[in-house]
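Presented below is the structure to which this report refers.
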Amino acid sequence: MRLLVIYSSRTGNTRLVAEQALAALPGEAELHPVEQSPEPDTYDAVVIGYWVDRGMPDQKAKDYMRNLKGMRVAAFGTLGANPESEHANDVRRSVMEMLEGNDILGSFLCQGRIDPALLKTMAASPHHPMTPERRANIAEAEKHPDSRDLARARGFFREIRNSITLQEAPCER
């Protein structure tokens, strides 16, 4: 089985999670940054990683996702917000919409530190006032992805591996 793990990373968070995918996936898994990605149609499944930008996957990952059609696909992302927040749920819905037309194997999000340059832009924007709640979230994001996040990521990727293996197993009569 040939698996392609593609990721887009700004701070290294998504790359770190992508490396967990590579460790948990079977067979001939390959890891590539989105800028150097091979054509996906020669692989049995694609795992695409992204960082969240304005409630959506970043532009490079989004462009890659839009070109996936008729593939087995899993997605994972990192974001500054809590992965159980409504914002994270909106991100998940957006990703699922972008991946329509594929066999979607699953989706995973974990919190990650926010790029300092992005924080400066946010602080200058009237749309992102630095409330005490926002400051607390930014401080929490600085601690991620942590060992628990990475363990959850490995568990997610093992589930993807098991799903692919079950899909390929011959039916017994």
Side-chain angles (χ1 to χ4, degrees), residues 1-27 29-35 37-38 40-41 43-115 137 140-141 143-168:
M1 172 184 328
R2 295 193 68 215
L3 299 168
L4 179 60
V5 180
I6 298 294
Y7 68 91
S8 177
S9 190
R10 183 168 178 166
T11 62
N13 296 334
T14 312
R15 179 185 47 77
L16 189 60
V17 176
E19 290 167 351
Q20 300 303 307
L22 189 64
L25 292 169
E30 293 181 23
L31 178 68
H32 296 278
V34 71
E35 299 87 356
S37 60
D41 55 356
Y43 294 85
D44 298 308
V46 175
V47 180
I48 175 73
Y50 58 91
W51 56 275
V52 175
D53 183 25
R54 297 180 190 112
M56 302 283 287
D58 67 278
Q59 191 62 51
K60 290 177 184 177
K62 209 175 349 182
D63 291 344
Y64 191 86
M65 286 179 190
R66 286 185 178 133
N67 289 322
L68 294 173
K69 296 293 179 220
M71 301 285 303
R72 288 191 285 184
V73 180
F76 66 95
T78 58
L79 73 166
N82 182 319
E84 303 305 319
S85 67
E86 190 55 39
H87 175 66
N89 290 334
D90 290 343
V91 170
R92 284 183 188 91
R93 281 189 286 276
S94 295
V95 169
M96 293 301 110
E97 287 173 12
M98 275 185 259
L99 293 175
E100 282 183 8
N102 293 287
D103 178 9
I104 302 170
L105 303 172
S107 178
F108 174 81
L109 280 175
C110 78
Q111 195 167 23
R113 70 188 164 284
I114 303 168
D115 181 8
N137 185 67
E140 182 60 30
K143 302 173 190 174
H144 296 273
D146 63 16
S147 60
R148 287 177 289 175
D149 297 323
L150 298 178
R152 282 192 294 273
R154 286 189 303 275
F156 168 74
F157 295 120
R158 281 192 285 277
E159 287 177 23
I160 296 304
R161 175 195 64 211
N162 293 342
S163 171
I164 293 168
T165 303
L166 285 174
Q167 288 179 1
E168 293 186 344

State, yes or no, whether a side-chain contact exists between Asp44 and Ile164 at a heavy-atom distance under 4.5 Å.
no

Testing Asn13, Thr14, Asp149 one by one against Thr78 for a side chain to side chain donor-acceptor pair (under 3.5 Å), which residue passes?
Thr14

Could you tell me whether a side-chain N or O of Asp58 sits under 3.5 Å from a main-chain N or O of Ser9, the two making a donor and an acceptor?
no

Do Met98 and Pro57 make a side-chain contact, defined as non-hydrogen atoms from C-beta onward lying under 4.5 Å apart?
yes

Shortest non-hydrogen contact from Gly55 toward Ser94
O-OG, 4.2 Å

Provide the closest heavy-atom pair for Met96 versus Ser107 in the form atom of the first, atom of the second, distance.
CE-CB, 3.5 Å

If I take atom NE2 from residue His87 and atom CG from residue Asn82, how far apart are they, to the nearest 0.5 angstrom?
11.0 Å

Tyr64 ring center near Tyr50 ring center (under 6.0 Å)
no

What one should report as the nearest heavy-atom pair of His32 and Pro38 is CD2-CD, 3.5 Å

From the list Phe156, Phe157, Tyr7, Phe108, ring pair (Phe, Tyr, Trp, His ring centres under 6.0 Å) with Phe76 holds only for Phe157

Rounded to the nearest 0.5 Å, how far apart are CG of Leu99 and CZ of Arg66?
11.0 Å

Check: Ala23 main-chain N/O paired with Arg154 side-chain donor or acceptor under 3.5 Å
no

Minimum heavy-atom distance Asp41-Met71, with the two atoms named
CA-SD, 4.2 Å

Leu16 CG to Asp146 CG distance, which is reported to the nearest 0.5 Å:
10.5 Å

Does any non-hydrogen side-chain atom of Leu150 lie less than 4.5 Å from one of Val17?
yes

Output yes when a side-chain donor or acceptor of Gln111 lies under 3.5 Å from a complementary backbone atom of Leu79, and no otherwise.
no

To check you understand the geometry: which heavy-atom pair defines the closest contact between Asn102 and Gly70, and what is its length?
OD1-N, 3.1 Å

From Ser8 OG over to Ile48 CD1, what is the distance, rounded to the nearest 0.5 angstrom?
7.5 Å

Determine whether Asp53 and Arg10 make a side-chain contact, defined as any pair of heavy atoms from C-beta on separated by less than 4.5 Å.
no

For Leu109 and Pro83 the tightest heavy-atom approach is O-CB, 3.6 Å

In Å and rounded to the nearest 0.5 Å, what is the CZ to CG distance from Arg15 to Leu22?
12.5 Å

Taking atom CD1 of Ile114 and atom NE2 of His144, what is their separation to the nearest 0.5 Å?
11.0 Å

